[in-house]
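Accompanying notes for the structure given below.
Below, each value reflects all heavy atoms present in this structure, side chains not excepted, and no hydrogens, waters or symmetry copies. Quick note on labels: first sequence line is chain A, next is B, and so on, each numbered from 1.
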Amino acid sequence: MLVFAAVALSPLRALCEQRVERVASGGRRWLSRSSAPKHPKEERRGGPVFQYAGRRHRPKHKVFVWGFSYAGALGIPSFVLPDSGRKKCRKHQYTPYRLETEHQISSAACGYGFTLLSSKTLDVTKVWGMGLNKDSQLGFQVSCHDRQKSYEYVLEPSPVALPLARPQETRVVQVACGRAHSLVLTDAEGVFSLGNNAYGQCGRKIVEEEIYSCSAVSLLQVACGQDHSLFLTERGQVYACGWGADGQTGLGHYNMTSHPVAVGGDLTGVRVQQVSSYGDLSLAVSQDGSLFGWGNSEYLQLSAVTEDLQLSTPRHLPLEGVGKLQQAACGGTQVAVLNDKGEVFVWGYGILGKGPNLSEAKTPEMIPLTLFGRSEFNPSVRVAQIRCGLHHFAAVTDRGELFVWGKNVRGCLGIGKPDDQFFPWRVTVPGHVLDVACGVDHMVALVKSLT
Amino acid sequence: MGRPAARLYRALEGLFAVYKPPGVHWKLVRDTVETNLLRGLNGAPRPAPRSQVKFLPEPCRDNRVTLEASVLPVLADHPLVAGPQFQKLRVGVGHRLDVFSSGILVLGVGQGNVRLTEMYNSHNTRDYTLEGEFGRATDDFSCHGRVIERTTYGHVTKDKLESVLAMIQGVNQKALLTYSNVDMRSQEAYELAAKGSLRPQSKSPPIITGLRCLKFAPPHFTLEVHCVNETQKYLRRLVHEIGLELRSSAVCTGVRRERDGPFKLQHALTRQHWTLPDITQAVHCSWATWTGGEVNTVQLKKKSSTFKTQTVLARCGTKRWTLDMK
């Protein structure tokens, strides 16, 4: 009868069943239903009192995945190779699915068909990868049959071996994934790059550990574009390497760069707080809230400052009406920015989030906050984080809700249906969403339980 | 002596709200209101009885019978013959309240019952105040049910309660969009969602449009709920589910409806005021509430008078055949 109430009920029903099991296994007697009616006062006084959460009960951290599963990017082998003959393969996972991990995952990144998860533990294994591994973007995964060969598809989260000098004293801060390469940022030993280096995106001509540990430049953040890499140092300086045919390296030319070089242009002397890239465009947000962009502008992403189709040096984008920016995110054809008031502005080409009529915009268009849950009951709801996949957007509000919109490529939105979504739609994730990573056709969410 | 009963009856066309106390079936409320209205109507002055001219024989002095005309009241109009003037009144009930709940109950009288159907079809929201208590779970989710389980609640804080309420609101927000019968792929859906005015226009499961915590003093807490298409048992179950989500258990100790469509708690009549004059005034005022304007006697719809007021014929001819009219 109550269709959607089952959504609220099913975790509760599971909790009830868990409760029965726990009670049975704990050896406590269930309150027996005697046929004689009891006096209400006796009932209040007698009977055991159950405790399900003590004073020191802390919320659990979980990982949810959804999207296209055949590449193994979701990390659940039974979707690709079913356990029993009766079950069928699950090609698309349209709603969030829990991925069991032994450690608490602090950072996740989705590449083109693969995923990296990392934890802040001091154990030897800190990074796990699953999905496509044809370019060794997940490291060398030793195959059982032949120890000289690596698996091309990794179906389960498998440890990624990092050549750390002091593995039990270093923590992994962040991971980033591009089309066929990945970057792992540690707190004491710099950045490690894995995968395809055909355009120099891994910056592998010079060994990273030596550069960063010798010159004592520590990094704040790494970002991967499709075939290029961006590094942000603590002092707000941006370095880039890799494929540059659209100028996405921002070094003033359209050639490949095989080692990280400092980016200049309008960014000289500017302290950058965040860099972002996923396609062929790169964006940087400075400490004082202005936006700089370089790279591909075929879809009007940089039309605020130029009519050219590519920009090879960073230029400041004079945007009107957006206020002081805090975060920027860009996908293949679209751009989204978040200001300090929690408002989201979008422009570019594609499904931008203001209905099917708006498919391209030159100037930033604000998405009304009522779509993110602001109402007379909740007048202060704001967006805390904004992320972009190749053709879709994801926004996390300060109440821990995840909203997605854009093209639903092979079920990557996680809304339960394969249709595209033209305005922000809430994804049902059981818990408080802390962070989300968007890929081309899959997404990963890091979630904390509510209580 | 007062307005004639017919005029009072004609003024009783419309909607009004009463306050239903807990522990009372809604039908009892409706029957009591109807009885009180009928008592008031029948206590009002009856129209004067019709008169008829009768030619009665009158003996004369010289043994001849002559007929003398006399005006007499018609016996059929005598109250002991005809009975009370009003024996039935069409009093309808809007959205019902079950025995455990209390609050505003909208009733309609006469032509107001048509308005009740309109209210039902408009699917407007209702406001409730739910009172809950942590520590127990019962079979019918209320404090009078049989206790199924008792749990601790020392770990429950206001932040945890508010995160659970936010989760429930988010789930219901999605349901609101799904049941609004608008194609999600159209520009119209975006515009309605951006304004926040998407509402289910047809039958849908109960949907909560707003939820917040008014008071939190463990083990007691109070919630304010705005919902559409709900039942009171669903709201008590909501309190129970909130208890489960918080890894404890909760029962509902009170459900009170504060608003039903345009009728708010200040418009509700309490038991002492379930009388004809108060209800007539409430019906009068509810026209303004319904139409949203000031009450103007000229605008009130008046039925054409079919009941002719009979003037008592002054003459009552003979001294012998007069009847006492009470």
Side-chain angles (χ1 to χ4, degrees), chain A residues 1-5 7-9 11-12 15-16 19 30-31 33 37-38 40 43-44 47-57 59 353-358 367-368 370-371 373-378 381 399-401 415 417 419-428 430-432 450-451, chain B residues 135-136 144 146-157 159-179 184-191 193-197 204-207 209-212 224 226 234 237-238 240-241 244-249:
Chain A
M1 179 182 75
L2 296 156
V3 170
F4 74 92
V7 171
L9 252 186
L12 303 165
L15 196 64
C16 285
R19 201 177 275 189
W30 189 253
L31 266 179
R33 291 187 184 196
K38 286 189 183 165
E43 265 184 347
R44 273 173 195 261
V49 178
F50 294 90
Q51 184 183 57
Y52 292 103
R55 260 186 311 123
R56 299 222 193 104
H57 176 82
K354 292 189 76 159
N357 289 0
L358 187 73
I367 296 189
T370 42
L371 291 166
R374 187 176 271 202
S375 63
E376 50 166 292
F377 267 86
N378 308 297
V381 169
R399 292 205 313 182
E401 295 185 319
I415 50 179
K417 45 191 180 181
D419 310 322
D420 299 337
Q421 183 57 34
F422 293 94
F423 57 91
W425 189 259
R426 187 181 183 269
V427 177
T428 306
H432 182 107
L450 280 175
T451 47
Chain B
R136 280 184 293 153
H144 303 310
R146 184 174 59 88
V147 174
I148 303 279
E149 193 184 66
R150 288 162 63 221
T151 56
T152 58
Y153 51 86
H155 60 279
V156 177
T157 59
D159 290 334
K160 288 184 188 168
L161 177 65
E162 282 183 354
S163 66
V164 170
L165 296 183
M167 184 270 292
I168 294 175
Q169 269 198 293
V171 170
N172 280 275
Q173 190 68 26
K174 238 173 77 163
L176 201 66
L177 296 175
T178 318
Y179 283 97
M184 283 296 129
R185 282 176 274 192
S186 64
Q187 184 70 19
E188 185 200 350
Y190 161 72
E191 253 135 52
K195 270 191 267 168
S197 57
S204 76
I207 299 178
T209 56
L211 181 60
R212 74 171 147 212
E224 185 186 336
H226 290 207
Y234 176 80
R237 199 172 80 165
L238 179 74
H240 169 80
E241 286 173 5
L244 290 182
E245 273 290 334
L246 289 166
R247 295 176 199 267
S248 176
S249 50

**Message:** Tell me the closest heavy-atom pair linking Thr451(A) and Glu245(B), and the distance in Å.
**Reply:** OG1-O, 3.3 Å

**Message:** If you count heavy-atom pairs within less than 4.5 Å of chain A, which of Arg185(B), Gln173(B), Lys160(B), His144(B) leads?
**Reply:** Arg185(B)

**Request:** May I ask you to name which of Leu177(B), Leu246(B), Thr209(B) has the most heavy-atom pairs under 4.5 Å with chain A?
**Result:** Leu177(B)

**Prompt:** Do the non-hydrogen side-chain atoms of Gln187(B) and Leu358(A) ever get within less than 4.5 Å of each other?
**Reply:** no

**Item:** Residue selection (most heavy-atom pairs with chain A, distance under 4.5 Å) from Glu224(B), Lys174(B), Glu191(B), Glu162(B)
**Value:** Lys174(B)

**Asked** Looking at OG1 of Thr428(A) and CE of Met167(B), how far apart are the two atoms once the value is rounded to the nearest 0.5 Å?
**Response** 10.0 Å

**Asked** Between Gln169(B) and chain A, which part of the residue has a heavy atom less than 4.5 Å away: side chain, backbone, both or neither?
**Response** side chain

**Asked** Okay, side chain of Thr151(B), backbone of Phe50(A): is any donor-acceptor separation there less than 3.5 Å?
**Response** no

**Under 4.5 Å from any heavy atom of chain A - which part of Ser204(B)** = neither

**Prompt:** Any donor-acceptor pair under 3.5 Å linking the side chain of Thr152(B) with the backbone of Val49(A)?
**Reply:** no

**Considering all heavy atoms, the nearest Pro368(A)-Ala194(B) contact** = CG-CB, 3.7 Å

**Message:** Please find the pair of heavy atoms, one from Arg247(B) and one from Tyr52(A), that lie closest to each other, and give the distance.
**Reply:** O-CB, 3.5 Å

**Prompt:** So which of His57(A), Glu401(A), Lys354(A), Arg399(A) has the biggest tally of heavy-atom pairs under 4.5 Å with chain B?
**Reply:** Lys354(A)

**Region of Leu211(B) in contact with chain A, defined by heavy-atom distances below 4.5 Å** = backbone

**Message:** Keeping Arg150(B) on the side-chain end and Gly47(A) on the backbone end, is there a donor-acceptor pair under 3.5 Å?
**Reply:** yes

**Request:** List the steps, then state whether side-chain contact (heavy atoms from CB on, under 4.5 Å) holds for Asn357(A) with Tyr190(B).
**Result:** CA-CA 10 Å; Asn357(A) 289 0; Tyr190(B) 161 72; over 6 Å; no

